[in-house]
Every structure is written in structure tokens, then in C-alpha cells.
Protein chains: 2
Amino acid sequence: MNIREIAKRARVSTATVSRTINRIPTVQPQLAKRVWRVVEDLGYFPNTQARALVSGRSRIFGLIVSEITNPFFPEIVHVFEDTAVHHDYEILLTSTVHDPVRMKLAVRRMLEHRVEGVAVMTFGMEESLLDDLKLRKIPLVFVDVGPPRPYVSNIRIDYLHGIRQAVQHLAALRHERIGFITGPLALRSATTRREAFVQSMNEIGITVDPQLIVEGNHTLEGGEAAFGKLARLPSRPTAVLCSNDMTAMGVMRKSYAEKIVVPQDLSVIGFDNIRISQYILPPLTTVEMSQAELGRMAFLALLNDVQRETPNRAGTEYVLKTSLVLRESTALNKRAATRAERI
Amino acid sequence: MNIREIAKRARVSTATVSRTINRIPTVQPQLAKRVWRVVEDLGYFPNTQARALVSGRSRIFGLIVSEITNPFFPEIVHVFEDTAVHHDYEILLTSTVHDPVRMKLAVRRMLEHRVEGVAVMTFGMEESLLDDLKLRKIPLVFVDVGPPRPYVSNIRIDYLHGIRQAVQHLAALRHERIGFITGPLALRSATTRREAFVQSMNEIGITVDPQLIVEGNHTLEGGEAAFGKLARLPSRPTAVLCSNDMTAMGVMRKSYAEKIVVPQDLSVIGFDNIRISQYILPPLTTVEMSQAELGRMAFLALLNDVQRETPNRAGTEYVLKTSLVLRESTALNKRAATRAERI
DNA sequence: TTGAAAGCGCTAACAC
DNA sequence: GTGTTAGCGCTTTCAA
């Protein structure tokens, strides 16, 4: 069953059927009605492949994430898909799993399917592998990477805003020795978070002891190991800020093992606000970087690029704010509090 | 750049280019070599839409899950995608979010994209909405639902195996009053798990007190509420088996609030073995239902249906075993243990 | 073994 | 406002 069959039964041309289905307003209402009747009677639906082929528009966007099993991503994927469906787009999803080969393959698949745009959420990894896409001037949106580049849009993350709130929250709870566990420093997003931490500390008059900054790798195990180092310090921190929530969970797990009670003995703050952070015990105070908002922005950025008639040479810059979500993993610094009482 | 361009430059016909690219062995090696050279020089790759249109094979499978943000699914999606890519298939993913409208829309999208098969992982929900697919004899694979149906394959879950292990593990730890928190009883998967529990208890000579079976809804909040009921019982259970891991996390959260210590005062066992279960405190003992295996089986089931020349009228039945994973949320029943010492 | 050519289902340019 | 028709890029007969 195809458009010709519909045309025959509705006694119109295929062009009229096509126009009707695409809601082109020049079709006479009565003709349109006749067409719709047949369409519904036969349960006809158009063939997207044929459509894409002739129109040169696939109505597919690619979405590249580093790992769908990383709890940070499912919400993004969900919202991206949801927004896409609302705009009659389909999504070609791929996880690179930090593997350049998979990344290369993903680019190939995107090209073969003639995607109209690609959102890249690998936070700065293997970015050069996307050159094939850039070459063909396919709209691209990145999250949180490097300097502006031609034809590429960016969603900048305002890390400083949330991290400053976190630092000030800890300072208000009278913490001074505040540790920071970074992500893998090969990632720009990780170094930027670290810098936001250092700057926020400076702003409140504290120069960060370099020993208090330890490299993690955004995994729970990395958080455990990193906190291990912090805990062995002669003067260990009373609070730890982590580059993501999984790291914070690692810190909590390690401190549980070492009989350090969160939040009484140690305040912990995460970053991302992934879904489970509210469910762990104690519920995690964290800096939210809205995954839903990120998914929506990424889709709309691509849609915007695709819909303009002149190519978006300059790229567009978007900004996603971060902000502190208070829960129960932070508390007053006991030592400082005792001191204060004496005063 | 298209196949004609390649043909011209390689001084062969488009047919030969097509054959070469599709690795049809009748092409002369030297001709093939010439074609490949041009293909590589120009960075040519075929257009999947055109291919699909003319061959009538989209090389796309649909994957319908109830919620990608449910931690049970990301691993499945990942493995499904991974296996698909290995077989040169693409995947059309959708979350129904338990919404019949979205389900209906998903079916429509699948049809428009001419998917060759659909894996349905909604565990028994809104299944009638898939009639359009059945009607068109599109290969379908379900997980864990109803009786065999024509043209539909099924992955059965051997719930009993794992649940029996869980019950026997608890019994060995001298628990007798064992509670069970079900999933939403509208779901077949939930009632089947409950029945497996009752049977396993009967097998070890215990008739389950109906008060000890409480309905949950597979969410953390549901687990909290359900355990609230169990905790208020005159004689509360010393162990609880849950219909999924999120429920178990709810139980742990609620017992934390009520100063009931897991596992000393209460043993808890989950079901599913989602990723985070190993990370929570204490690490959760749970019945594993391998998500990776499920994703792989679902893909291969569809592939199998698609590759046979005669339609799979009878459908194929697959079985996925479940089995207990011991971690740290269970312990010896204190009361019974004391009694035993006296003996 | 290779090439010529038909045609997959649809859109859009053009003619009326 | 509607119809006729070319053609999107490819696979696949069929003939040579």
C-alpha cells in the first residue's frame, strides 16, 4: 500500500495525496477530506525512507553519549527523544564507551543515515574523530568544550555558579579544610570544575592546600581511592566536594568502611544530581546540572541550526546554569563549632 | 556523491559498484579493487534510505522499554545497541513512560520506519496496542508475558530458580517470618514473582502468612510504604524479599529511618541486580536477572525471526535464568540464633 | 562476469 | 488548485 493506491481510491493525483498528508493548505478541503478518508480506511502511513530520499531530509538527529549505563545519561536521552518525537524527528543513539573505534563507527553510521545534526555528549573526549561530520557541515552541538568553532554550537555549563554555592554552603557550616576530588584531568569538564572550586575558595579568602585536591575518575571506585588519600592526610578535611555524584558515593562508601560518619564527621557534596542521589543514605547534597534541561537544549540547538536557511557559521552559544541542591550529607563542622562556643 | 559518480570514475557500471560494496563474490578481483580505490579516495558511503527503499529491508529494529530512566533498562539498551551494530542493524528506541498514547505513537513511528522487528520490554503493559505490528506480521519478541501466541517470540524468565535460592538462603540464616513486597499486581511479572515466592516457601514447609505479603509498585517510595506496613505488624518479619531492587532500596531507607539496622535486625534481598545495587550501603544481596543477557537474547531472537525464509508461525521460546547474588544485606536471624545456642 | 535499465515510494517543479 | 512527471540513490532483474 502506497501513495498511488491512495490516489487511485480517492480519485486524485499522488501529488494531491502528498500535499494533503503534508498539510499543504492549498488543497481543497473537500478533496482533502476524501483523501483522509481513504488514508484512514486503509490505515496508510508514509514511508520515511522514500520521503527522506526524495526530500534530502532524513528527520534524524544523532546523539552520541559516552555511556548510556552511566546514570547521568538516561534522563538526557529520554528528554532528547521526547523533544525529538514532538518535532517529528527520530534519534540515532550511540554510546562510545570511551572507545575511539566505536566513536568512528558511530560517525559512519550517522553519515550513512544522513542525520541532519548530531549532539555530542562525551564531555571533551575523542572529539577529533568528528571531523567527517564537520567537513560536511552537519550541524553539531557540543556540551562544554573548548573555544568557539565555526559551524559548531555549544552548551556551556556555568560550573562556577553551583560550585560557588557549594563552597559557600560549606563555609557557612564552618568548614575550612575542604577537599576536592576531581574527574579525570584529561577531560576539560574536570579541569574546569576544579578551577571553579579553587576560585570559589579564593573568593572567600582561603588558599587551597594542594594536598586537598586529589584526582578521581568520575567512578565510585575512583572516589573511594581518592578519599582514601585524603583520609590518610595528617590533617584530614572536614568536608569534601566531588566532581560528580558517583565520586561522592565512593567517598561515602569509603568513609563508611573507615567508620567516618557522614555528615557528622564529614560533609560530602556531589555534582550532577543524578536520580539516585536523592535515594542514597544519607541523601546527597549536590550541585545540580539539569539533565532534562541539557537534553532539551541540545535538541533545540540542532533544530535551530537545521531550520535556518543560511548555515550557522558562527555557531550559537547556550548556557546551562548549575545550582546547589541541599539534602542531608552536610553538617556543621564539629571542631569549629566547639571552638565557636568557647568564644 | 553517489554510486553513479563512483561507477564513472572506476569505469564500471553502477551495478558493479553495488555488487562490490555488498561483497558479492562474482565481481572480478581487479574490478573490485578499482572500485574500492575510488570509494576510499572519495570517502564514499552508501545512503541507507535508498538502500532500504529499493531492497525493502530497513535494517532497523525497534526497542520499546517502559522507562529508560529506570535503572533496569540502560544496560539492556546498551547491549541491544551493541549487538545490533555488530550485525549492521540500527535501533529505534522509545520509552513509553507507561503512557498508552506514547505507546501508540511509538508503534506508528516503527511502522513508518519500516522496522523489521520489535522487542517489547514493558513487562506486560499495554500490550494490545501492538496489534498493528502483529497484523503486519512484523517479528515481535516479548519478555515474560502470557501464553504463546502465533508469530511472537518470548523470552521467559525463570523466576523460580533465583527466588528459590533467595528463600533457601534466608531459611539457612534461620529466618522464618519472611516478608515479600510485590510489584504492581497488574503486571504479570509481579504476580509470577509472588507465586515463585509462595511456592519456594511451601517447598521448605512454611505456609506464608498473608499479612507478610504486601503490594509495592517497583519504586523506592513504594518499597518504603510497603515496609512501613510490615514494620507495624505485631510480629514483624526478620527478613524481606522484594520484587525488585528499587523496592529493596526503599525498604532499606525506611528501616534506616526507623532505626532498624540492615542486616543485623533485618535481612533484605532485592531482585534484578541493577548496577547500583552493589554500590549502596550495605551492598544489596539480590536475585540477578541479567540485563546484558536479556538485551542480547532479544536482539538475537529478532535476528533469527528475520533471517528465516518461512515466517516463524509458532514463535520461539527462550529462557533466561535468574540466580542469587550474595552481598551484605542479609545476616543470621538473631532471635533464632540465640534460641539455637540454648539448645 | 558485467552492464542496461526498471523501479522502490515519495516530493516538487512545472504545466495547466 | 490540481495533475503529470522527473528523479532522489540504490538494488536487482534480465540480457549479453
Side-chain angles (χ1 to χ4, degrees), chain A residues 1-36 38-39 42-60 88 90 108-116 136 309, chain B residues 1-36 38-39 42-60 88 90 108-116 136 309:
Chain A
M1 159 156 18
N2 56 28
I3 207 175
R4 230 166 322 155
E5 182 70 20
I6 305 296
K8 197 162 63 183
R9 302 213 188 192
R11 288 163 297 136
V12 295
S13 68
T14 60
T16 297
V17 175
S18 175
R19 291 188 190 109
T20 305
I21 284 173
N22 291 300
R23 308 202 128 78
I24 289 176
T26 62
V27 183
Q28 291 239 11
Q30 58 177 17
L31 273 195
K33 194 176 272 175
R34 226 159 71 206
V35 171
W36 281 121
V38 177
V39 164
L42 300 192
Y44 166 83
F45 45 89
N47 179 321
T48 51
Q49 273 101 6
R51 266 220 249 244
L53 185 59
V54 63
S55 70
R57 311 215 35 203
S58 64
R59 299 199 76 84
I60 301 177
D88 277 315
E90 221 48 76
R108 169 77 181 219
R109 286 160 61 203
M110 306 270 160
L111 253 16
E112 290 187 347
H113 283 268
R114 302 296 193 269
V115 296
E116 297 179 23
R136 292 168 220 264
E309 50 311 305
Chain B
M1 164 160 12
N2 56 30
I3 206 174
R4 229 164 325 154
E5 182 70 20
I6 305 295
K8 197 162 61 183
R9 302 210 185 194
R11 287 163 296 133
V12 295
S13 69
T14 60
T16 298
V17 176
S18 174
R19 291 187 189 109
T20 305
I21 285 174
N22 292 300
R23 308 201 126 79
I24 290 177
T26 61
V27 183
Q28 290 239 13
Q30 56 177 21
L31 271 197
K33 194 176 271 175
R34 226 161 68 208
V35 170
W36 280 121
V38 177
V39 163
L42 301 192
Y44 167 82
F45 44 90
N47 179 321
T48 51
Q49 274 100 6
R51 266 220 246 244
L53 185 58
V54 64
S55 70
R57 309 213 40 203
S58 64
R59 299 199 77 84
I60 301 176
D88 276 314
E90 219 49 72
R108 168 73 183 224
R109 286 160 59 203
M110 307 268 160
L111 255 15
E112 291 187 347
H113 283 268
R114 302 295 192 271
V115 297
E116 296 180 24
R136 293 169 218 265
E309 49 311 304

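This is a predicted model, so every value here is computed, not measured. Every chain is numbered from 1 and lettered A, B, ... according to where its sequence line falls, protein lines coming before strand lines.
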[atom1] of [X] versus [atom2] of [N]: gap in Å, rounded?
{"X": "A:K8", "N": "D:dT2", "atom1": "NZ", "atom2": "P", "answer": "21 Å"}
{"X": "B:R57", "N": "C:dG9", "atom1": "CZ", "atom2": "P", "answer": "16 Å"}
{"X": "B:R11", "N": "C:dT2", "atom1": "CZ", "atom2": "P", "answer": "14 Å"}
{"X": "A:E112", "N": "D:dC10", "atom1": "CD", "atom2": "C1'", "answer": "13 Å"}
{"X": "B:L53", "N": "D:dT12", "atom1": "CG", "atom2": "P", "answer": "12 Å"}
{"X": "B:R4", "N": "D:dC10", "atom1": "CZ", "atom2": "P", "answer": "8 Å"}
{"X": "B:K33", "N": "C:dT2", "atom1": "NZ", "atom2": "P", "answer": "14 Å"}
{"X": "A:H113", "N": "D:dG9", "atom1": "NE2", "atom2": "C1'", "answer": "15 Å"}

Phosphate-side-chain proximity, [X] and [N], N/O vs OP1/OP2 below 4.0 Å:
{"X": "A:R51", "N": "C:dT11", "answer": "yes"}
{"X": "A:T26", "N": "D:dG1", "answer": "no"}
{"X": "A:N2", "N": "C:dG9", "answer": "yes"}
{"X": "B:N47", "N": "D:dC8", "answer": "no"}
{"X": "B:T16", "N": "C:dG3", "answer": "yes"}

So, does A:R11 use its side chain to make a donor-acceptor pair with the main chain of A:K8 at under 3.5 Å?
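Pair absent, no side-chain N/O of A:R11 close to backbone of A:K8.
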For the pair A:N2 (side chain) and A:R4 (backbone), establish whether a donor and an acceptor sit closer than 3.5 Å, ignoring hydrogens and angles.
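Yes.
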B:S18 near the nucleic acid: base, sugar-phosphate alone, or nothing, with a heavy-atom cut-off under 4.0 Å?
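If one applies the 4.0 Å heavy-atom cut-off, B:S18 turns out to touch a base.
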Within the 4.0 Å heavy-atom criterion, would you say B:V12 contacts the bases, only the backbone, or no part of the nucleic acid?
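Sugar-phosphate: the residue B:V12, judged by heavy atoms under 4.0 Å, touches backbone atoms but no base.
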Between A:S58 and A:E116, what is the shortest heavy-atom contact and its length?
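The pair with the smallest heavy-atom distance is N-OE2, 3.1 Å.
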Counting side-chain heavy atoms from C-beta on, which of [options] comes nearest to [X]?
{"X": "B:A15", "options": "C:dA12, C:dG3, D:dC10", "answer": "C:dG3"}
{"X": "A:Q28", "options": "D:dT2, C:dA4, D:dC10", "answer": "D:dT2"}
{"X": "A:I3", "options": "C:dC8, D:dG9, C:dT11", "answer": "C:dT11"}
{"X": "B:V54", "options": "C:dC10, C:dG7, D:dG3", "answer": "C:dG7"}
{"X": "A:N22", "options": "D:dC10, C:dT11, C:dG9", "answer": "C:dT11"}
{"X": "B:S13", "options": "D:dT2, C:dA4, C:dC10", "answer": "C:dA4"}

Is it the case that over 12 heavy atoms from other parts of the model lie below 6.0 angstrom from the CZ atom of B:R9?
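No, not enclosed.
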Count the heavy atoms belonging to other residues, nucleotides or ligands that lie under 6.0 Å from CZ of A:R136, then report whether that count exceeds 12.
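Correct, the count exceeds 12.
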Under-3.5 Å donor-acceptor pair between A:R19 side chain and D:dG3 base
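Answer yes: a donor N or O sits under 3.5 Å from an acceptor.
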Result of checking B:I6, B:V35, B:V38 against B:Y44 for side chain to side chain contact (heavy atoms under 4.5 Å, CB included):
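In the set B:I6, B:V35, B:V38, the residue that makes a side chain to side chain contact (heavy atoms under 4.5 Å, CB included) with B:Y44 is B:I6.
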